[in-house]
Amino acid sequence: MKVQEKLALIEEQIQTACNKNNRDLSEVAIIAVTKYVSTDRAKEAWDAGITHFGENRPEGLLEKQELLGDKPNWHFIGSLQTRKVKMIIDKVDYIHSLDRLSLAEEIQKRAEKQIKCFVQVNVSGEDSKHGLEPNEVVDFIHTLKSYDHIVVVGLMTMAPNTTNEDVLRDCFRSLRSLKDQVEQLQLDYAPCHELSMGMSNDFTIAIEEGATMVRIGTALVGE
Ligand SMILES: *Cc1c(COP(=O)(O)O)cnc(C)c1O
């Protein structure tokens, strides 16, 4: 199926999810996760009107960017090795996986402008998932005060790989309430208005629970 057709279906689902909660379609940005697909397929997504692209490996991001240039918004969404920060730091608009101080230090050191970062939270507590534990998040964000190249625009999580709607909803709700907590601190370096949550299998639920950025791979660009 063409990306354009898949996008139309996804937008319909997003609209339905938005309607349930009186949200506006414009409040939800779709990030096309192109990590599994060719650069040609990424180009097809750009031609279909997608303006946000996400990759989870530095090499993949550079490869896609070579073709698409810097007009799209580039999101780094995967766990980021400290030593690879310098490969991508000038090339990304957002990093969704800030989860440790050593990474913050490296971003601070290498960035020449402010980088919009999401603090990644391991809400579900699964060993396989990266991210801070929920109870570590506020302290972590406080320590970022002196890192003037980092703006904490929001929180990000990956939900458990399950079809159990209650489990997914709980996970997204917890992230939202943590986001509200940080937002209420009114820190100028951590406005924290955004929620990066929801992937191919769970984005409608994530939107019902407040997602402002959904990261969709398979359902949008899968071949
Ligand atoms: C791969 C990936 C996605 C997209 O996954 P799909 O299930 O293909 O939509 C979203 N977020 C992260 C962090 C990923 O690594």
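A quick note: this is a predicted structure, and the numbers were derived from the prediction, not measured. First listed ligand is number 1; within each ligand, the first listed atom is number 1.
Thr39 and Glu63 are not linked by any side-chain donor-acceptor pair at a separation below 3.5 angstrom, with hydrogens and angles left out of the test. Using modelled atom types and a 3.5 Å distance limit, the side chains of Ser196 and Arg215 yield a donor-acceptor pair. For Glu126 and Ser124, the side-chain atoms include at least one donor-acceptor pair closer than 3.5 Å. Looking at Gln108 and Asp148, their side chains do bring a donor and an acceptor atom within 3.5 Å of each other. In this model, no donor atom of one side chain and acceptor atom of the other lie less than 3.5 Å apart for Gln13 and Thr204.
The shell of residues lying under 4.0 angstrom from ligand 1, judged by heavy atoms, includes Tyr36.
Residue, atom and distance of the protein heavy atom nearest to atom 10 (C) of ligand 1 are Met199 SD, 3.3 Å. Nearest non-hydrogen protein atom to atom 6 (P) of ligand 1 is Ser200 OG, 3.4 Å. In terms of protein heavy atoms, atom 15 (O) of ligand 1 is closest to Lys35 NZ, 2.6 Å.
For ligand 1, the atoms sitting less than 4.0 Å from at least one non-hydrogen atom of Arg215 are 4 (C), 9 (O), 10 (C), 11 (N), 12 (C), 13 (C), numbered in the order shown with element in parentheses. Per-residue contacts place Ile77 under 4.0 angstrom from the following atoms of ligand 1 (heavy atoms of the residue considered): 11 (N), 12 (C), 13 (C), 14 (C). For ligand 1, the atoms sitting less than 4.0 Å from at least one non-hydrogen atom of Thr218 are 6 (P), 7 (O), 8 (O), 9 (O), numbered in the order shown with element in parentheses. Close contacts of ligand 1 with Ile216, meaning ligand atoms under 4.0 Å from a residue heavy atom, involve 9 (O).
At a 4.0 Å heavy-atom cut-off, ligand 1 touches Met158 through the side chain alone.
Taking distance alone, with nitrogen or oxygen atoms compared against 3.5 Å, Gly217 approaches ligand 1 more closely than that limit.
When each of Leu101, Val152, Ile115, Ile107 is paired with Tyr147, the side chain to side chain contact (heavy atoms under 4.5 Å, CB included) condition holds for Leu101 and for no other.
The side-chain heavy atoms of Phe53 and Ile31, taken from C-beta on, include no pair separated by under 4.5 Å.
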